[in-house]
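Atoms considered below: every heavy atom in the structure, side chains included; atoms not considered: hydrogens, waters and symmetry mates. Treat the numbers as computed from the prediction; the structure is a model and nothing was measured.
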Amino acid sequence: MAKAWSDFAEDIAAAGPWLMEQEGLAVDDPQVVANGYRYLATLLYVGLDVHLLNPNVDLPEWTVTFAPHAPYGGDHRDGVYHTTPVNPEGVYRVTGTPRGGIPASANIQTQDGWWQPGRANDVLETLDIMSLEQDT
């Protein structure tokens, strides 16, 4: 465990210099640099919350992934975003109460390439949760 933590810390330490080497980044603009580090910190925060603090695929719990204090691109200010780890072979029941209003959807996405530069985060399927079978 100590080695894994040490390796993780080294990867985090390397992220700043990696960011500053990206083509087209205005490294002479302090606001751009600060925003870059803020973005990396937000990715770290959400990644730790989703993958380290909530790893139980047998009893998954929803985690807020886009929040006012942790936006990281792509989020819509009117959207409500949650994530949870699941076992691809598992069967899960999601419960809730439809309240009308704006249609809701659930994106089921792979973790392959999640937050890794140059790797795709492929969408496997998009389901309209309003059309799912409802228990009576």
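A distance of 11.0 Å separates CG in Asn35 from CG in Leu40, rounded to the nearest 0.5 Å. The distance from the CG atom of Leu53 to the CG atom of Leu48 is 6.5 Å, given to the nearest 0.5 Å.
Listed by first and then second residue, the salt bridge (Lys or Arg N to Asp or Glu O under 4.0 Å) pairs that reach into residues 12-32 come to none, sequence neighbours excluded.
Linking Ile, Leu, Val, Met, Phe, Trp and Tyr residues whenever their side-chain heavy atoms come within less than 4.5 Å leaves Leu59 and Tyr92 in two separate clusters.
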In residues 1-9, what donor-acceptor pairs under 3.5 Å come from side-chain atoms, sequence neighbours left out?
residue	atom	partner	partner atom	Å
Lys3	NZ	Asp7	OD1	3.0
Lys3	NZ	Asp7	OD2	3.0

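Heavy-atom neighbours of Glu61 CD from other residues, nucleotides or ligands within 6.0 Å: at or below the threshold of 12.
Evaluation of the side chain to side chain contact (heavy atoms under 4.5 Å, CB included) rule for Leu25 yields Leu19, Met20, Val27, Val32 as partners, not counting sequence neighbours.
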